Amino acid sequence: DAGVIQSPRHEVTEMGQEVTLRCKPISGHNSLFWYRQTMMRGLELLIYFNNNVPIDDSGMPEDRFSAKMPNASFSTLKIQPSEPRDSAVYFCASSFRAGQHYEQYFGPGTRLTVT
Amino acid sequence: SQQGEEDPQALSIQEGENATMNCSYKTSINNLQWYRQNSGRGLVHLILIRSNEREKHSGRLRVTLDTSKKSSSLLITASRAADTASYFCATDSNTNAGKSTFGDGTTLTVKP
């Protein structure tokens, strides 16, 4: 298995532009998580989906952030409009949550720089 | 503060020495997990210990869990330079409904 795939790996954009981050979870996994990591705030959970349905989006910073999971093999995180404080590494993770299985498998991340 | 809090924040040791990292949490948990993050990479799952377990081993890793003290420790024996990374604990509980809560991590540096 290729693991969790994220694209792009690096994104540099100007303030005010729309940014779309993409994630392909591991086949067969039923939960998907979006995280943001910065030196100041550490690893923050933004939103997670179970069976393609958003379960908890309390970590989404504000209305500029939105996430979708149209099917079991694809998710997007969109920032519109982007701001310099959105600069961070964004991770997608997936897991198969059933019974006592909780391990999350992380993608390589997207490093976002907003100038 | 976060459910899982690692201690120390940073640890520097010589190759061959043992490294011990601690994690404290606040509410009752179903399980606790440890992850490793190499610089510039995503987190990698290392080991999971359930609330009814007290100790678990995986290769050079030893994890303990003390639910009465709401704490866990990760011991890496005979450390190697390749163990240099950040280590995070994550907890799952009935109150966080399907998501793991990560701590801030311990940054381990193993000097060759």
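Quick caveat: nothing in here was measured; it's all calculated off a predicted structure. Proteins come first, then strands; the chains are lettered A, B, ... in the order of their sequence lines, and each starts at number 1. Only this structure's heavy atoms are used, side chains among them; waters, hydrogens and symmetry mates stay out.
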Closest approach of [X] and [Y], non-hydrogen atoms and distance?
X	Y	answer
A:F91	B:Q37	CZ-NE2, 3.4 Å
A:L43	B:F102	CD2-CG, 3.8 Å
B:F88	A:Q37	CZ-NE2, 3.8 Å

*Measuring from A:Y48:OH to B:S100:OG, what's the distance to the nearest 0.5 Å?*
9.5 Å
*How far does CD of A:E103 sit from CG of B:N31, to the nearest 0.5 angstrom?*
8.5 Å
*asked:* Quick check: do A:Q104 and B:Q33 have side-chain heavy atoms less than 4.5 Å from each other?
replied: no
_Part of A:T110 lying under 4.5 Å from any heavy atom of chain B_ = neither
*Pick one of side chain, backbone, both or neither for A:Y35, based on which atoms fall under 4.5 Å of a heavy atom in chain B.*
side chain
Other residues, nucleotides, ligands: >12 heavy atoms within 6.0 Å of [X] [atom1]:
X	atom1	value
A:E14	CD	no
B:R80	CZ	no
B:Q9	CD	no
A:N71	CG	yes
A:K68	NZ	no

*Can you name the side-chain contact (heavy atoms from CB on, under 4.5 Å) partners of A:P81, sequence neighbours left out?*
A:R64
